[in-house]
Structures are given as structure tokens and as C-alpha cells.
S.K.: 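Take a look at the following structure, please.
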2 protein chains.
Amino acid sequence: MRSYGQYCSVAKALDVVGDRWTLLIIRELLVRGACRYTDLKNGLPGIATNLLADRIRELEAAGLVSREEAPPPVATTLIRLTEAGQELDPVVQALGRWGIRYMAEPAEGDAFCSQWFTFPVEVFLRDRDPDAPPATIELRTAADPAVIEVSGGSVRVRVGSVSAPDLVISGRPQPILGLLTGHLSVPEVTALGVEVSGDHRVLRRVLPDPAGQALS
Amino acid sequence: MRSYGQYCSVAKALDVVGDRWTLLIIRELLVRGACRYTDLKNGLPGIATNLLADRIRELEAAGLVSREEAPPPVATTLIRLTEAGQELDPVVQALGRWGIRYMAEPAEGDAFCSQWFTFPVEVFLRDRDPDAPPATIELRTAADPAVIEVSGGSVRVRVGSVSAPDLVISGRPQPILGLLTGHLSVPEVTALGVEVSGDHRVLRRVLPDPAGQALS
DNA sequence: CGGCATCCTCTTTGATACTG
DNA sequence: CAGTATCAAAGAGGATGCCG
């Protein structure tokens with residue numbers, strides 16, 4: 001990217017990460033951890049392959065990501081964030097919080113990946129009963145399933161499945177997001193075609209107060 | 001900007017503010033408050049005038065800025081952030097903090113504007129003696145002067161001058177920044193051509209601890 | 001398959017000149 | 001002061017090809 005040529009830390013930051021797609025690549029590496037080239041490509045629907053290759057090279061040159069040869073069983077190169085790259089977390093978080101205002105719209109034709117549930121969950125969900133035994137919620141959309149793990153005061157999301165989830169939420173991403181952010185209640189999302197089956201008390205455990213009350 | 005087409009709040013945020021120059025326009029409006037077109041142009045050295053006009057229109061359409069006709073004495077239109085625009089402050093702050101790592105380099109040929117002192121000051125300076133009377137530090141570089149106002153527990157920066165500053169710091173932006181961030185001491189910046197004249201105790205009042213000790 | 005490189009088209013930008 | 005007009009250069013997007 002062409003430098004802004006301004007002696008200001010905001011401009012300097014954007015000199016490095018202000019290019020199109022760059023912060024979304026960082027987002028993927030933050031929520032997924034180390035990735036293969038193909039994982040990145042799948043998590044960034046719409047990116048041109050040459051552009052992804054270019055950006056990874058630029059990020060590597062800037063010291064924000066590094067490549068690592070995985071040992072024989074996997075035998076591929078993994079791309080991971082360096083410490084400087086990880087320190088972009090507050091930037092991506094701030095963007096993710098600010099952008100939540102645009103998630104209410106239907107998003108016709110938008111792509112969706114289950115790891116993107118991470119942002120709303122980190123912002124809105126809390127483990128309000130840290131001493132209770134660990135619990136899991138499985139999220140099932142058209143994309144891969146994701147699991148919310150609630151345990152000892154922390155709430156985490158990861159891509160994947162679990163053998164016996166306490167609660168399963170299936171449906172379109174948008175109403176599920178409405179439920180997780182506390183904007184919609186269980187009856188409301190059910191009316192929107194979302195299926196919520198299992199132990200509803202887990203929801204009360206993680207949802208913020210006003211929504212937790214309105215669950216019924 | 002072409003949409004990323006991803007149902008993710010980070011991507012949605014970048015759909016709106018991810019264009020080149022856009023976040024720097026927000027930066028100017030955050031640190032300067034309402035601005036005329038020309039003020040923005042001066043605070044964004046390097047931007048093409050048509051691009052600035054385009055971006056302002058886009059930001060207006062997105063509801064992040066609004067235009068306001070100033071009353072007769074000024075008789076010009078002011079551009080100001082809406083509430084949604086102001087809420088980008090955490091994003092710009094996070095970028096500004098992350099970008100500080102690139103401010104150590106000499107920045108040969110970079111432009112500088114005095115309002116950009118705002119970011120390091122907000123990050124690094126504190127009023128450690130809130131009950132002391134208000135104090136002011138004037139910063140003089142090749143650009144317009146700026147004033148750091150220390151009063152009642154808060155530290156602010158504004159463009160402009162003051163009649164009788166308690167302390168005056170003159171020189172190149174880079175070593176002055178080193179002083180304000182606590183990376184350089186007064187003797188060190190003096191050796192780099194910075195002149196510090198007045199009541200040095202004001203510096204002890206605002207600088208963080210380790211540097212405050214190392215002033216002598 | 002995973003991991004790119006090439007080629008081509010289209011859009012965005014940067015620089016400068018000009019106007020109400 | 002507050003933009004618009006013009007045009008060349010750079011960058012993005014999309015398709016396809018190559019190689020271990």
C-alpha cells in the first residue's frame with residue numbers, strides 16, 4: 001500500500017493494515033488461530049487467490065504473520081500471527097463492536113462462516129455462574145457447526161462439534177445472532193424458524209440480564 | 001466501496017469505513033471537532049480534493065457525518081461527526097495505540113500536524129496531581145502550535161496558543177513525541193535539538209512514573 | 001488437492017487544472 | 001472557500017493454468 005506519508009500513529013497503522021482484505025485476514029487468524037492457505041481462503045469468501053497470496057506476503061514482510069512447516073502428519077505450512085499481529089486484537093474487536101449495528105439487516109446473499117459467531121459472543125455473553133459445571137451449546141447453520149463452551153467464568157467459541165451438547169440451536173445465522181445478542185427471545189426466534197432444543201437454563205447462564213429475564 | 005458480502009460485523013464495519021482515507025477523515029473530525037472542508041484538507045496532507053469530496057459524501061450518506069450551515073459571522077458549512085461517527089473513537093484509538101510502534105522511525109519527509117499530538121498524549125499522559133492549579137504546555141514545531149491543558153485530573157490537547165504557558169517545548173515532532181511517551185528524557189531531547197523552557201515540574205505532573213523519575 | 005502465478009478487464013486513486 | 005473535470009497509473013476482481 002502506498003504510504004499516507006503522515007507522522008501520525010493512526011496513519012502509520014493504516015499504512016500497514018489499511019489495505020483491502022488485510023484486517024479480515026487478521027480477523028480470521030485471530031478467531032481461528034494458525035491456518036493453512038486454504039483455511040484462510042474458505043474463511044474469506046470473495047477474496048481472489050492472487051490477492052490472498054499477495055497480502056500474506058505483505059503481512060509476513062511487515063512481521064505480522066509467520067509461516068511454519070507443520071510436522072509430517074499434517075505436512076503443510078501453517079500461517080500464524082506473530083505477537084505484533086496478535087496485538088491487533090483490540091483494533092478488530094473495536095471494529096466488530098461498532099459494526100454490530102449493521103448486523104440487524106437481513107444480509108441477503110451474504111456469506112457466513114461459523115467462526116464469525118465469535119465476535120458477538122465475546123461481546124455479549126458472560127458466564128454468570130462460574131461455579132456451575134462446564135456446559136456447551138452447539139450452533140448449527142448452513143455453515144459448519146460451532147460450539148460455545150461455557151466453563152469456569154469464561155465463554156469461548158470454536159468451529160466444530162461436540163458429542164452431547166447441553167443445548168442445540170439450529171437455523172439461519174441472523175436470528176441466532178439476535179438471540180445471542182439479547183435482541184430476540186426464544187419464542188421470537190422460534191417463530192423465525194430457529195429450533196432451540198435441550199436445556200434452556202444454559203441460555204440464562206450466558207445471556208445478559210434483560211434478555212435473560214425475557215426468555216420465559 | 002464494494003461490499004465484502006460477509007455477514008460478520010468486522011466486515012460490515014469495513015464496508016463502511018474501510019476505504020482509503022476514510023478513517024483518517026474520522027480521525028481529523030475526532031481530534032478537531034467540527035471542521036470546514038479546507039480544515040479537513042489541511043489536516044489530511046496528500047489527499048486529492050476530489051477524493052475528499054467523494055468521501056465526505058459517502059460518510060454523509062452512511063450517516064457518520066452531517067453538514068451544518070454556520071451562522072453569519074463564519075458563514076461557511078461545517079462538517080461534524082454524528083453520534084454513530086463519534087462511536088468510531090474506540091476504533092481510531094485502537095489503531096493509534098497499535099501504530100505507535102512505527103513512530104520511533106525518523107519519518108523522513110512525512111507531513112505533520114499539531115493536532116496529531118492528541119493520540120500519544122491521550123495514551124501516555126495523566127494528570128497525577130488533580131488538585132493542583134491548571135497548567136499549560138505549549139508545543140512548537142514547524143506546524144501550528146498546540147497546547148496541552150492539564151487541569152482537575154484531565155489532560156487535553158488543542159491546536160492553538162496560550163498567553164503564558166507554564167512550559168514551552170520547541171523542536172521537531174519526533175523527539176518531542178519521545179519525551180511525551182516517556183521514551184526520552186529532557187537531557188536526551190535537548191541533545192536532539194529540542195528546547196524545553198519554563199517550569200519542568202509540569203512534566204513530572206503529567207508523565208508516567210518511570211519517565212517522571214528519569215527527568216532530573 | 002494445496003499453493004500459488006499469469007493474464008485480462010474493470011474500478012479506484014492520485015495529480016493537476018480549472019470554476020462558481 | 002469549496003469543490004468539479006480530466007486523465008494516467010495503480011490496484012482489485014475473475015478466470016484459468018501450473019506444479020509438487
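What you see is a predicted model, and the numbers here were worked out from it, not measured in a lab.
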S.K.: Please work out which of the three classes, parallel, tilted or perpendicular, describes the rings of B:H183 and B:F124, given edges at 30° and 60°.
M.R.: perpendicular

S.K.: Let me spell it out: for each of A:Y4 and A:D54, pick the nucleotide of DNA chain C with the closest heavy atom. Which residue's pick is nearer the 5' end?
M.R.: A:D54

S.K.: Counting only side-chain N and O atoms of A:W21, is one of them less than 4.0 Å from OP1 or OP2 of D:dG11?
M.R.: no

S.K.: Report which part of the nucleic acid A:A53 touches: base, sugar-phosphate, or nothing (heavy-atom distance under 4.0 Å, all strands).
M.R.: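 A:A53: backbone/sugar contact only, no base atoms under 4.0 Å.
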
S.K.: Does a side-chain N or O from A:R55 land closer than 4.0 Å to OP1 or OP2 of D:dA12, or not?
M.R.: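 Indeed, a polar side-chain atom of A:R55 lies that close.
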
S.K.: What nucleotide, of C:dG14, C:dG2, D:dA2, holds the atom closest to the side chain of A:T38?
M.R.: C:dG2

S.K.: Using 30° and 60° as the class limits, which term best fits the ring planes of A:W21 and B:Y4: parallel, tilted or perpendicular?
M.R.: perpendicular

S.K.: Map A:K41 and A:R2 onto DNA chain C by nearest heavy atom, then report which one ends up closer to the 5' terminus.
M.R.: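 Its nearest nucleotide lies further toward 5', so the answer is A:K41.
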
S.K.: Compare every heavy atom of A:P134 with every heavy atom of A:R205, then report the nearest pair and how far apart it is.
M.R.: NH1-C, 4.5 Å

S.K.: Out of C:dG14, D:dG14, C:dA17, which nucleotide sits closest to the side chain of B:T49?
M.R.: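 Nearest to the side-chain atoms of B:T49, counting from C-beta on, is C:dA17.
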
S.K.: With respect to the phosphate group of C:dA5, does any side-chain polar atom (N or O) of A:R57 fall under 4.0 Å of OP1 or OP2?
M.R.: yes

S.K.: Between D:dG11 and B:R20, is there an OP1 or OP2 to side-chain N/O distance shorter than 4.0 Å?
M.R.: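 Indeed not, no polar side-chain atom of B:R20 lies that close.
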
S.K.: For B:L179 versus B:S185, what's the shortest heavy-atom pair and its separation?
M.R.: CD1-C, 4.0 Å

